[in-house]
Amino acid sequence: MKLPVSWRASAAAAVATATLLTSGSIADAATEADVEAAAAPDIPVANVKAHLTQFQSIATANGGNRAHGRPGYKASLDYVKAKLDAAGYTTAIQQFTSSGRTGYNLIADWPGGDTNQVVMAGSHLDSVSSGPGINDNGSGSAAVLETALAVSRAGHQPTKHLRFAWWGAEELGLVGSRYYVNNLSAANRAKISGYLNFDMIGSPNPGYFVYDDDPAIEKTFKDYYAGLGVPTEIETEGDGRSDHAPFKSAGVPVGGLFTGASRTKTAAQAAKWGGTSGQAFDRCYHSSCDTTSNINDTALDRNSDAVAHAVWELSE
């Protein structure tokens, strides 16, 4: 969420001022400026929405969906890959077969960092066949893409190695992500220090749910939202139903964010988050109306910034 001055920037600026007052050291002040510069950038929600517009256009031009094995999925993957290639990523397409159709995962590695300590962020790129899948899961895919592009724009060089992924055939049972995990050697699985999953983060009647899997990852997200003054709840609706599950089963620390699907928002949840009680978090879940009109901009903005915050924080 855009704020006049972020709490991270305010804190860094205060420390830098105190350093100057106590020591007068330009070098010390420069060090504090570096600390501030290392904080995650604000992710422009307009950029994230521009990716959603592209996903919508792709679906509209390809039978109304971006489902596994359909031309809309491959066109979505090609769009994401072109953006990453232009930004300096090393990209790879992993091919698999499910339900008699060819599927694809897209993996993008940012050069640098300790490849024995890999921080991954991912989302599924496929929709169901009945709709364009803009919240489910264009929202997560677009936020992860824009975070990856922000890494490039910032020339960010964290201590750990960054890897981003877009999964195919999630809607058929986590097929793409399971294929990826199952085809990693034990040694390469052990190198993944954390996997962050983002599946539906712009629901039109949103909640703010945090996965309660790895405690350190969970705390990263909870602390971020506490800094915004936004209460969170533990995510239960999608537990084990998205692409973090294969990683968790393989012993990789996982975490993530979610804004709700077909469950009904309670009166207590509406009181703390706004929105409409007695109505689903996403009335267009798995339906043809899951279009660009099916997005809450505030939730998308907050969660996109939270994606970047976690990527920066956990890769240092």
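Only this structure's heavy atoms are used, side chains among them; waters, hydrogens and symmetry mates stay out.
- For the pair Tyr104/Lys81, no side-chain contact is recorded, criterion being any heavy-atom separation below 4.5 Å from C-beta on.
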Handout entry: Residues Tyr180, Phe96; criterion side-chain contact (heavy atoms from CB on, under 4.5 Å); working and verdict
Key = CA-CA 9 Å; Tyr180 175 82; Phe96 59 88; over 6 Å; no
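- Under the 3.5 Å distance criterion, the side-chain polar atoms of Ser127 are left unmatched by any main-chain donor or acceptor of Gly133.
- Here the rule is side chain to side chain contact (heavy atoms under 4.5 Å, CB included) with His244, and of Asn197, Leu174, Leu196 only Asn197 fits it.
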Exercise for the section: Before giving the answer on side-chain contact (heavy atoms from CB on, under 4.5 Å), spell out for Arg70 and Asn62 the whole-Å C-alpha distance, their side-chain angles and the decisive distance to 0.1 Å. Expected result: CA-CA 8 Å; Arg70 309 291 179 86; Asn62 290 281; over 6 Å; no
Problem - Thr91/Asp85 under side-chain hydrogen bond (donor to acceptor under 3.5 Å, both in side chains): CA gap, chis, key distance, verdict - result: CA-CA 7 Å; Thr91 60; Asp85 288 341; 2.6 Å; yes
Practice task
Please lay out, stage by stage, how Ser141 and Val80 fare under the test side-chain contact (heavy atoms from CB on, under 4.5 Å).
Solution key: CA-CA 9 Å; Ser141 293; Val80 175; 5.9 Å; no
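- Summarising the geometry, atom NE2 belonging to His286 is positioned 10.0 Å from atom CG belonging to Asn135; distances are rounded to the nearest 0.5 Å.
- Annotation: salt bridge (charged side-chain N to carboxylate O under 4.0 Å, His left out) contacts of Lys265 (sequence neighbours excluded): none.
- Formation of a donor-acceptor pair under 3.5 Å by the Asp290 side chain with backbone atoms of Cys284 is not found in this model.
- A chain of hydrophobic side-chain contacts below 4.5 Å, direct or via other Ile, Leu, Val, Met, Phe, Trp or Tyr residues, connects Phe198 to Val210.
- Here the closest non-hydrogen pair linking Trp312 and Ala154 is CZ2-CB, 4.2 Å.
- Aromatic ring centres of Trp273 and Phe209: separated by under 6.0 Å.
- Asn205 has its side chain out of reach of Asn296: every pair of non-hydrogen atoms, C-beta onward, lies at least 4.5 Å apart.
- Val151 and Val118 are not part of a single hydrophobic cluster, where members link through side-chain heavy atoms under 4.5 Å apart.
- By the neighbour-count criterion of 12 heavy atoms within 6.0 Å, atom CZ of Arg283 is sparsely surrounded, having that number or fewer from other residues, nucleotides or ligands.
- Taking OG of Ser242 as the reference point, atom CD of Glu171 lies at 8.5 Å (rounded to 0.5 Å).
- In this structure, the side chain of Thr266 does not engage the main chain of Ser277 through any donor-acceptor pair within 3.5 Å.
- Between the side chain of His51 and the backbone N or O of Leu145, no donor-acceptor pair lies under 3.5 Å.
- Rounding to the nearest 0.5 angstrom, the gap separating the CG atom in Asp136 from the CD1 atom in Ile201 is 11.5 Å.
- In this structure, Gly176 and Asn105 approach most closely via the heavy-atom pair O-ND2, 2.8 Å.
- With contacts defined as side-chain heavy-atom distances shorter than 4.5 Å, the pair Leu84/Trp166 qualifies.
- For the pair Trp167 and Ser123, the minimum side-chain heavy-atom distance is 4.5 Å or more.
- Side-chain atoms of Glu170 do not come within 3.5 Å of backbone N or O of His124 as any donor-acceptor pair.
- For Glu237 (side chain) and Arg263 (main-chain N/O), a donor-acceptor pair under 3.5 Å exists by modelled atom type.
- Of the possible polar contacts, one joining the Thr259 side chain to the Met200 backbone as a donor-acceptor pair under 3.5 Å is found.
- When every heavy atom of Gln157 is checked against every heavy atom of Pro111, the shortest pair comes out as OE1-O, 3.5 Å.
- Atoms CZ and CG, from Phe258 and Asp282 in turn, are 8.5 Å apart once rounded to the nearest 0.5 Å.
- Looking at Lys49 and Ile295, their side chains never come closer than 4.5 Å, going by heavy atoms from C-beta outward.
- Contact record, His68 with Ala169: ND1-CB, 3.7 Å, taken as the closest heavy-atom pair.
- Here CZ of Phe221 is found 8.5 Å from NE2 of His309. Values are rounded to the nearest 0.5 Å.
- Distance alone, capped at 3.5 Å, is enough to place a donor-acceptor pair between the Asn303 side chain and the Ala299 backbone.
- Grouping the Ile, Leu, Val, Met, Phe, Trp and Tyr side chains by contacts below 4.5 angstrom, directly or via other members, places Trp110 apart from Tyr195.
- Remark: side-chain polar atoms of Thr220 are not paired, donor with acceptor, to backbone N or O of Ala310 under 3.5 angstrom.
- No more than 12 heavy atoms of other residues, nucleotides or ligands sit less than 6.0 Å from atom NZ of Lys83.
- Distance check: Tyr89 OH to Leu106 CG gives 11.5 Å after rounding to the nearest 0.5 Å.
- Contact annotation: the side chain of Ile43 never approaches that of Val307 to less than 4.5 Å [non-hydrogen atoms, C-beta and beyond].
- Applying side chain to side chain contact (heavy atoms under 4.5 Å, CB included) to Asn137 and the options Asp199, Asp243, Val144 leaves one that passes, Asp199.
- Annotation for Lys219: atom NZ does not count as buried by contact number, only 12 or fewer foreign heavy atoms lying within 6.0 Å.
- Contact between Pro132 and Ser288 at its shortest, heavy atoms only, is CD-O, 3.7 Å.
- Side-chain atoms of Ser304 and Glu146, non-hydrogen and from C-beta on, never get closer than 4.5 Å to each other.
- Following chains of ILVMFWY side-chain contacts shorter than 4.5 Å, one cannot reach Val254 starting from Val119, and the two form parts of different hydrophobic clusters.
- The main-chain N or O of Val252 is never found under 3.5 Å from a side-chain atom of Arg189 such that the two would form a donor-acceptor pair.
- Residue Lys191 qualifies as enclosed at atom NZ: its count of foreign heavy atoms under 6.0 Å is above 12.
- Between Ser315 and His156, the closest side-chain pair of non-hydrogen atoms falls below 4.5 Å.
- Criterion: ILVMFWY side-chain heavy atoms under 4.5 Å apart, direct or through other members. Under it, Tyr225 and Val45 are part of a common hydrophobic cluster.
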